[in-house]
Amino acid sequence: MKHVRFRLLIAVALAVPVAVSAAPAVSAQAAPAKLPVITTFAPGDFPESLAVDGQGNLYASLGFIGEVVKVTPSGQQPIASLPVGAGLLTGLAFDPDGNLYVADATFEASPTPPGVFRIGAGDAVTRVATLPADSFPNGLAFHGGYLYISDSSRGAVWRLSPGGKAAIWLQDPLLAPKVSTGIGANGLAFWRGSLYVAVADSGTIVRVPLTAGGNAGTPVVTAQAPLLRTADGIAFDVRGNLYVTVNDNRLVRLAPDGVLTQLAAKNDGLVYPTMPAFGTTPATRTTLYITNGALYNGMPDIVAFDAGIRGLPLP
């Protein structure tokens, strides 16, 4: 393949599972015959990430074309366009003030360095972080006024301070890619004082406790299984269940007791799912929205899954 972005994404899909020393219990749960479709995108747009604002509007990063799109009941509205070079737009996250942040993984072939941008009032776009050329900023999550950024190529998590300074918060072999063109640290989510990281290549969920000073504690693997191989985005509900979109056409739930349950698959309407995000209105708090990237075939879209449990509120 000619483009770096395709080599990276295909490597994830073909990665060999890591042996599991203590496999978690696995079960399956029947899903609806077909998950309802909220909106569709053009073939090749590749919706890579998803975020929901306080009013319940959905936002998708269209990875390969470099657009961020707002989705409302009246339709789609592009709100920002960024240069992606040979890379793609990745993670999305809202800060407590309602500003939307997007990660831009331009890759080394681009003259524009990778980093993170803020989309503020009037859809004004401002670069807030510039990362080294060999970085792959991917998942985003806010906690305590800081923005945390997974770096899929370095096996690291960056932290952006409110003052705009970005520094590596944690770099660890547990977060590193397992193949030379693979993807390590990916989706990020916080739960009870710890950062949880989905590691795509190794099919693991890693928990990183925060110390009293906000530094990274010792990372530990909380789950590792072939069912999690190519894990991408993650989201918590209020009971501590972690929902994982797995590029290999699966939605998986990791319970606090370690039990893994497959909630939906290809037959239910998952086509290279990339990111889950809960609704934020009273009527949609149990609705888990999922972006389908449809990287190889099918139609990219956003579908909805009723988790039956309210999602963790926005920070």
Side-chain angles (χ1 to χ4, degrees), residues 3-9 12 41-42 44-51 53 58-71 77-95 99-142 146-161 164-169 177 181-188 197-198 200 232-233 247 274-275 277 291 293 295 300:
H3 297 293
V4 174
R5 66 190 183 197
F6 287 118
R7 290 204 303 270
L8 284 165
L9 291 164
V12 170
F41 302 100
D45 281 356
F46 190 60
E48 206 284 335
S49 191
L50 180 66
D53 67 17
L58 311 183
Y59 297 77
S61 59
L62 303 185
F64 290 159
I65 65 173
E67 286 189 353
V68 177
V69 177
K70 180 179 181 179
V71 179
Q77 174 190 352
I79 62 168
S81 181
L82 296 106
V84 294
L88 70 161
L89 288 189
T90 51
L92 291 172
F94 279 100
D95 69 13
N99 298 300
L100 181 61
Y101 290 69
V102 57
D104 192 357
T106 54
F107 298 158
E108 294 181 73
S110 172
T112 304
V116 178
F117 293 79
R118 181 180 63 241
I119 305 172
D123 298 337
V125 178
T126 304
R127 178 184 283 270
V128 295
T130 298
L131 302 184
D134 61 348
S135 297
F136 184 177
N138 203 335
L140 300 180
F142 273 96
Y146 290 87
L147 176 62
Y148 293 77
I149 310 157
S150 67
D151 189 330
S152 296
S153 62
R154 290 171 173 250
V157 175
W158 296 77
R159 188 172 70 169
L160 179 66
S161 72
K165 180 180 180 180
I168 289 183
W169 180 71
T181 56
I183 294 178
N186 202 332
L188 303 177
V197 185
D232 199 334
N247 294 158
T274 52
M275 183 67 191
T291 41
L295 180 61

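Predicted, not measured: the structure shown is a model, and the values here were computed from it.
- S49 and S61 are not linked by any side-chain donor-acceptor pair at a separation below 3.5 angstrom, with hydrogens and angles left out of the test.
- Side-chain atoms of S135 do not come within 3.5 Å of backbone N or O of G115 as any donor-acceptor pair.
- With contacts defined as side-chain heavy-atom distances shorter than 4.5 Å, the pair K70/L100 does not qualify.
- Using a 4.5 Å heavy-atom threshold, the side chains of L89 and E48 count as separate.
- Ring geometry, F136 versus F107: the interplanar angle exceeds 60°, so the pair is classed perpendicular (tilted spans 30 to 60°).
- A donor-acceptor pair under 3.5 Å is absent between the side-chain atoms of T106 and the main chain of G85, judged by distance alone.
- Side chains of V69 and L62 form a contact here, defined as non-hydrogen atoms less than 4.5 Å apart.
- In this structure a side-chain-to-backbone donor-acceptor pair under 3.5 Å is missing from S150 to G187.
- In this structure, the separation between CG on N99 and CG on L147 is 11.5 Å, given to the nearest 0.5 Å.
- Looking only at side-chain heavy atoms (C-beta outward), D104 and V84 come within less than 4.5 Å of each other.
- You'll find the side chain of L140 stays beyond 4.5 Å of the side chain of L92, heavy atoms only.
- Test F142, Y59, F94 against Y101 for ring pair (Phe, Tyr, Trp, His ring centres under 6.0 Å) and you get one pass: F142.
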